[in-house]
Amino acid sequence: MKRIRLYMMVVVLALAGAMSTQVSAQVLRDAAFNSIGRINGNGVVRDGTMHSIGSFDADGTVRDVKGNAVGVIKELEIFDTEGNRIGYINTDGTVRDGQSNVLGNININDGKVTDAQKQTIGFARGVRVDWIACYYFFHFFDK
């Protein structure tokens, strides 16, 4: 009976978490699990002090803090502003650069982000994998 109750609690929490990812901002964390920013459901990216540092448009355009296009996302492929493919994401969460070298991995289940050496560099649960890749691997929002 305890197993069923525990299972039901896990299912309810998972559903609540899935619904909340579409409504509220999701926290971006560093390897020590400290909050370093947020991405809201509209694609606005904020730093740790809640200042806007860029955004993701509905059409896939990635913009910096000044609203300038810095890249484009098309079907899990990431392009620079000249149209050159600079990376892509495999269905297993592996992030690769334009030459197919592994940059790291995004665990789709728990949001853990690791580099090519499998070292944890952050966490971004409930955030789209292409947005996570742009933030952690392609550094579109670095100042």
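Looking only at side-chain heavy atoms (C-beta outward), Ile121 and Asp30 stay at 4.5 Å or farther from each other. Side-chain contact check for Val129 versus Leu76: some heavy-atom pair is nearer than 4.5 Å. Residues Ile78 and Cys134 are in side-chain contact: their nearest non-hydrogen atoms beyond the backbone lie under 4.5 Å apart. Between Arg96 and Leu103 the shortest side-chain heavy-atom distance does not fall below 4.5 Å. For the pair Ile36/Tyr135, a side-chain contact is recorded, criterion being any heavy-atom separation below 4.5 Å from C-beta on.
Val62 and Val127 end up in the same hydrophobic cluster when Ile, Leu, Val, Met, Phe, Trp and Tyr side chains are linked at under 4.5 Å. Val45 and Phe123 end up in different hydrophobic clusters when Ile, Leu, Val, Met, Phe, Trp and Tyr side chains are linked at under 4.5 Å.
The OG1 atom of Thr61 sits 12.5 Å away from the CZ atom of Phe79 when rounded to the nearest 0.5 Å. The distance from atom CG of Asn105 to atom NZ of Lys118, rounded to the nearest 0.5 Å, is 7.0 Å. From Ile89, atom CD1 reaches atom CD1 of Ile108 across 9.0 Å, with rounding to the nearest 0.5 Å. In this structure, Thr120 OG1 and Asp115 CG are separated by 8.5 Å, a value rounded to the nearest 0.5 Å.
With hydrogens and angles ignored, the 3.5 Å screen pairs no side-chain donor or acceptor of Asn90 with any backbone N or O of Asp92. For the pair Asp47 (side chain) and Met50 (backbone), a donor-acceptor distance under 3.5 Å is present.
Between Phe141 and Ile53, the closest heavy-atom pair is CD2-O, 3.4 Å. When all heavy atoms of Trp131 and Asn40 are compared, the pair lying nearest together is CZ3-O, 3.8 Å. Closest approach of Ser100 and Arg85 over heavy atoms only: OG-NH2, 4.5 Å. The shortest heavy-atom contact between Ala124 and Ile132 is O-CD1, 3.4 Å. Across every non-hydrogen atom of Ile106 and Ala133, the tightest pair is CD1-N, 3.9 Å.
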Pair Val27-Arg38, side-chain contact (heavy atoms from CB on, under 4.5 Å): steps then yes or no: CA-CA 4 Å; Val27 178; Arg38 291 181 177 268; 3.4 Å; yes

Test log, rule salt bridge (charged side-chain N to carboxylate O under 4.0 Å, His left out), inputs Asp130 and Arg128: CA-CA 6 Å; Asp130 48 359; Arg128 289 177 37 174; 2.7 Å; yes

Salt bridge (charged side-chain N to carboxylate O under 4.0 Å, His left out) between Asp57 and Arg63, intermediate numbers included: CA-CA 8 Å; Asp57 291 351; Arg63 298 189 183 278; 2.6 Å; yes

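Here the rule is side chain to side chain contact (heavy atoms under 4.5 Å, CB included) with Val95, and of Tyr136, Tyr88, Phe138 only Phe138 fits it.
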Check residues 66-74 and write down every donor-acceptor pair under 3.5 Å in which the side-chain atom is one partner and the other belongs to a residue at least two apart or another chain.
none

